[in-house]
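Accompanying notes for the structure given below.
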Amino acid sequence: MMVPHLGEEEAEAAAAAVRSGWVAQGPRVAEFEQAFSARVGARHGVAVSSCTTALHLALIAVGVGRGDEVVVPSFSFIATANAVRYLGAEPVFADVDPYTGNLVPETVAEVLGPRTRAVIAVHQGGVPADIRALTSLLEPRGIPVVEDAACAVGSILYGEPVGAGALIAAWSFHPRKLLTTGEGGMVTSDHADWAARLRRLREHGMNISAADRHASSGPVFEHYLEVGFNYRMTDIQAAVGLVQLGRLDELIGRRRLLAARYHELLDGVPGLRAVRDPDHGQGNYQSFWVLLDEEFPGGRDAALERLAARGISARRGIMAAHLEPAYQDTKHVDLPVTERLTRDSLILPLFHTMTAAQQERVVAALLEPVRGAER
Ligand SMILES: Cc1ncc(COP(=O)(O)O)c(C=O)c1O
């Protein structure tokens, strides 16, 4: 499905971090924060242990607390909704656009209420959400938009990288993502005060970072300003991240090329629609999903079984949090598009070293009943 593109350079960088003797959060994390935030067009980056912890901190930064409501798409990995619950707040599920899989002003407007404290806009599967449109709805109401950019490193929104101009964004470096550090995440923002606070919060609420303590020649008496967390990234991870960041353009270029080839092979197939770039930007094709409708013989589950039987690893489409036991008691509006996308879509394998022959094999297995019917 996805194979992380890691090589000798990453291995060497990790080894160099180990040999340096500084393996926890240190100079390489600071360097990675600077390089990553510059790449996505944000002033500050705060490296953390995952996107889940990045979302938790981002929600704290914008002031979400107990009893608040936060609008989120149900159509997302469960961590998006979970981060809201960590704060004693309630996720309020909104439906998504059928083409992008992202929140849009119409679906968000439907669920806003007096307790809405924030909205998490997910750039689902790397397809950029129209943050400009969402902000024009929400800014006049004083509701901040937190961007869940877990999947969107290198995606483009209105000609700029996703992250540029974002109020606050959360990123993932899990191996399923384009740029990986094993596990890891980042919060980016232009707000210096938020970045300073989140740096403390990821490190137990300490007012002096471990790096500054070690750099000091005299004794240091640190204080714990508020209850924090251990959400640190290690220098070993950051060393790998720096190498991966240097490869990002190559990684995205390759994914877009492979996606274009899938489009060529799948264009015009009755009953099948593949994810595409929206008018407002360009995706990184983190996930190449296809939606099958009633016209497609056998439907989604049969397609997944067929692919598995041919030794091809595909996945069901993006999940819907409201259909999971953890959220079964959460009240929500009707979510017809979310339910349709999650029921009828699947994600095709797409990885850096994938060959044209492998793509043709995937498509042949997927389209077997269609081609059979055509014969
Ligand atoms: C949209 C979205 N948000 C959050 C996450 C959580 O990321 P992490 O695994 O880095 O915590 C994921 C991971 O798949 C995701 O897809």
Side-chain angles (χ1 to χ4, degrees), residues 4 6-40 42-61 79 83 86 149-150 153 168-177 179-189 192-248:
L6 294 163
E8 279 311 306
E9 243 190 289
E10 283 86 350
E12 268 309 311
V18 171
R19 287 191 203 104
S20 77
W22 199 316
V23 290
Q25 181 186 285
R28 287 173 174 81
V29 168
E31 198 187 329
F32 184 43
E33 289 177 336
Q34 278 192 351
F36 184 86
S37 51
R39 173 65 175 78
V40 303
R43 288 209 191 105
H44 308 281
V46 180
V48 289
S49 51
S50 68
C51 183
T52 307
T53 56
L55 283 169
H56 186 185
L57 294 185
L59 291 174
I60 294 176
Y86 296 164
V153 64
I168 192 158
W171 307 82
S172 174
F173 308 128
H174 181 270
R176 174 74 181 79
K177 310 297 188 261
L179 186 166
T180 184
T181 60
E183 290 279 359
M186 183 95 67
V187 181
T188 57
S189 175
D193 293 354
W194 287 354
R197 182 175 178 214
L198 299 191
R199 272 181 222 294
R200 285 197 303 269
L201 283 175
R202 74 164 163 196
E203 210 171 356
H204 304 287
M206 230 187 309
N207 65 338
I208 300 169
S209 72
D212 288 345
R213 262 190 304 147
H214 284 279
S216 162
S217 49
V220 176
F221 300 97
E222 80 280 13
H223 291 288
Y224 299 84
L225 305 184
E226 56 186 318
V227 175
F229 312 91
N230 180 355
Y231 284 172
R232 285 179 293 226
M233 175 183 275
T234 69
D235 256 31
I236 306 173
Q237 291 168 296
V240 172
L242 280 163
V243 179
Q244 289 264 288
L245 193 59
R247 294 193 200 286
L248 185 60

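Residue numbers count from 1 along this sequence. Just so it is clear, the values below take in all heavy atoms, side chains as well, and ignore hydrogens, waters and symmetry mates.
- Checking side-chain atoms of Arg199 against main-chain N and O of Gly45 turns up a donor-acceptor pair under 3.5 Å.
- Inter-residue side-chain proximity for Val23 and Asp235 is flagged as unmet; no heavy-atom pair is nearer than 4.5 Å.
- Between Glu33 and Arg39 there is no salt bridge, since no side-chain nitrogen of the basic residue lies less than 4.0 Å from a carboxylate oxygen of the acidic one.
- Between Ser20 and Ala17, the shortest heavy-atom distance links the atoms OG-O, 2.6 Å.
- Residue pairs that meet the salt bridge (Lys or Arg N to Asp or Glu O under 4.0 Å) test with at least one member in residues 15-27, sequence neighbours left out, do not exist here.
- Contact annotation: the side chain of Phe32 never approaches that of Gln237 to less than 4.5 Å [non-hydrogen atoms, C-beta and beyond].
- The only option from Thr53, Val48, Thr181 that meets the side-chain contact (heavy atoms from CB on, under 4.5 Å) definition with Met233 turns out to be Thr181.
- Atom CD of residue Glu203 and atom OG of residue Ser209 lie 5.5 Å apart, to the nearest 0.5 angstrom.
- If you look at Trp22 and His214, their ring centroids are closer than 6.0 Å.
- Phe36 and Phe173 have their aromatic ring centers within a separation under 6.0 angstrom.
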Exercise for the section: Please lay out, stage by stage, how Tyr224 and Glu226 fare under the test side chain to side chain donor-acceptor pair (under 3.5 Å). Expected result: CA-CA 6 Å; Tyr224 299 84; Glu226 56 186 318; over 6 Å; no

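- Within the 4.5 Å cutoff, no side-chain heavy atoms of Glu9 are placed close to those of Gln244.
- Contact of the Ile60 side chain with the Phe229 side chain is registered, since non-hydrogen atoms from C-beta on lie closer than 4.5 Å.
- The minimum heavy-atom distance between Val46 and Ala195, with the atom names listed, is CG2-O, 3.7 Å.
- Considering all non-hydrogen atoms of both residues, Thr52 and Ala83 come closest at O-CB, 4.4 Å.
- Residues Lys177 and Ser172 meet the side-chain proximity criterion, which asks for heavy atoms closer than 4.5 Å.
- Side-chain contact annotation: Arg202 with Gln25, donor-acceptor N/O pair under 3.5 Å present.
- For the pair Met186 and Ala54, the tightest heavy-atom approach, listed with the atom from each and the gap, is O-CB, 3.6 Å.
- Partners of Ala24 by side chain to side chain contact (heavy atoms under 4.5 Å, CB included), not counting sequence neighbours: none found.
- Proximity of Tyr86 to Leu55: side-chain heavy atoms (C-beta onward) are nowhere separated by under 4.5 Å.
- Counting only heavy atoms from C-beta outward, the side chains of Leu201 and Tyr231 never approach each other to under 4.5 Å.
- For the pair Pro4 and Thr180, the tightest heavy-atom approach, listed with the atom from each and the gap, is CB-CG2, 4.0 Å.
- The shortest side-chain heavy-atom distance between Met206 and His223 does not fall under the 4.5 Å cut-off.
- Within 6.0 Å of CZ in Arg213 there are more than 12 heavy atoms belonging to other residues, nucleotides or ligands.
- Considering all non-hydrogen atoms of both residues, Ile168 and Ala61 come closest at CD1-CB, 3.7 Å.
- A donor-acceptor pair under 3.5 Å is formed between the side chain of Glu10 and the backbone N or O of Gly7.
- Residues passing the salt bridge (charged side-chain N to carboxylate O under 4.0 Å, His left out) test with Arg200: none are found, sequence neighbours excluded.
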